[in-house]
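Here is the structure we will look at.
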Amino acid sequence: MNTLRFVATLPGWLPGYATPNPAAYLTSEARMGLAIALAQQNVLEGTGGPFAAAVFDQHTHQLVSVGVNVVEQCNWSCGHAELVALSLANQALNTFDLARPIYPATNW
C-alpha cells in the first residue's frame with residue numbers, strides 16, 4: 001500500500017522570525033507588527049504575496065508559530081498564511097485542538 005504524504009516548503013528566511021521572545025509581544029500592536037513584518041518580508045524575498053499570520057499563547061502572549069502565504073510556491077491552494085501558522089502551531093504544541101486550555105481548569 002502506498003502512503004500519501006503532503007509536504008509544504010516554507011521560505012528559508014522564515015525561521016529567523018519564529019524565535020520566541022516573551023517580552024517582545026506583550027501588546028496587540030507588537031503582535032500585529034510581527035505579522036506585518038512577515039508579510040513585507042515575504043514580498044521583499046519574492047517568496048509569496050503580502051500575507052502573513054502568527055499564533056500567540058493567549059495568556060502569556062508568547063509566540064507559538066508564524067506563517068506566510070505559500071500558495072504559489074508550493075502549488076497548494078490551501079497554503080494561506082493563517083492555515084500555515086495554525087498548522088505549525090498544532091505541530092509545535094503537539095495537539096490538533098488549539099482551543100484546549102493549557103492550564104488546569106478552574107471550578108466555576
Side-chain angles (χ1 to χ4, degrees):
M1 177 179 175
N2 290 337
T3 302
L4 297 177
R5 184 175 174 183
F6 174 79
V7 177
T9 303
L10 300 172
W13 58 265
L14 191 60
Y17 283 87
T19 306
N21 182 352
Y25 307 111
L26 295 178
T27 66
S28 297
E29 291 81 6
R31 294 188 292 277
M32 184 57 74
L34 174 62
I36 292 169
L38 290 167
Q40 290 173 331
Q41 194 66 31
N42 208 30
V43 172
L44 290 173
E45 296 284 344
T47 51
F51 310 103
V55 176
F56 298 89
D57 180 284
Q58 70 177 4
H59 298 287
T60 66
H61 305 299
Q62 184 168 349
L63 179 64
V64 175
S65 67
V66 296
V68 294
N69 183 287
V70 295
V71 170
E72 291 183 17
Q73 178 182 341
C74 295
N75 292 318
W76 178 37
S77 60
C78 296
H80 294 263
E82 64 277 14
L83 294 179
V84 171
L86 290 169
S87 296
L88 292 172
N90 290 135
Q91 289 181 348
L93 299 175
N94 196 31
T95 181
F96 66 91
D97 185 359
L98 296 178
R100 184 180 65 183
I102 59 172
Y103 301 102
T106 57
N107 292 328
W108 299 94

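In what follows, residues are counted from 1 in the order of the sequence shown. Heavy atoms only: backbone and side chains are in, while hydrogens, waters and symmetry mates are out.
To the nearest 0.5 Å, atom CH2 of residue Trp13 and atom CG of residue Leu44 are 9.0 Å apart. With rounding to the nearest 0.5 Å, the separation of CD in Gln62 from CG in Leu26 is 10.5 Å. The structure places OH of Tyr17 at 3.5 Å from CD of Gln41, a figure rounded to the nearest 0.5 Å. Going from atom CG of Leu10 over to atom CG of Leu88 covers 5.5 Å, rounded to the nearest 0.5 Å.
Within 6.0 Å of the CD atom in Glu72, the count of heavy atoms belonging to other residues, nucleotides or ligands does not exceed 12.
For the residue pair Val84 and Gly67, the shortest heavy atom distance occurs at CG1-CA, 3.8 Å. Residue Phe51 comes nearest to Ala39 through the heavy atom pair N-CB, 3.9 Å, listed as atom of the first residue, atom of the second, then distance. Residues Arg31 and Tyr25 approach most closely at NH1-O, 2.8 Å, considering heavy atoms. For the residue pair Val70 and Pro11, the shortest heavy atom distance occurs at CG1-CD, 4.1 Å. When all heavy atoms of Ser65 and Leu63 are compared, the pair lying nearest together is O-CD1, 3.5 Å.
Residues Val64 and Leu93 form a side-chain contact, since some pair of their non-hydrogen atoms from C-beta on lies under 4.5 Å apart.
If you chain together hydrophobic residues whose side chains sit under 4.5 Å apart, Leu34 and Leu83 never meet in one group.
No side-chain donor-acceptor contact under 3.5 Å links Gln73 to the backbone of Gly48.
The side-chain contact (heavy atoms from CB on, under 4.5 Å) check on Ala53 picks up Ala81, Glu82, Ala85, with sequence neighbours excluded. Residues satisfying the side-chain contact (heavy atoms from CB on, under 4.5 Å) criterion with Val71, sequence neighbours excluded, are Asn69, His80.
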**Request:** Evaluate the criterion side-chain contact (heavy atoms from CB on, under 4.5 Å) for residue pair Leu38 and Asn42; output intermediate values, then yes/no.
**Result:** CA-CA 6 Å; Leu38 290 167; Asn42 208 30; over 6 Å; no
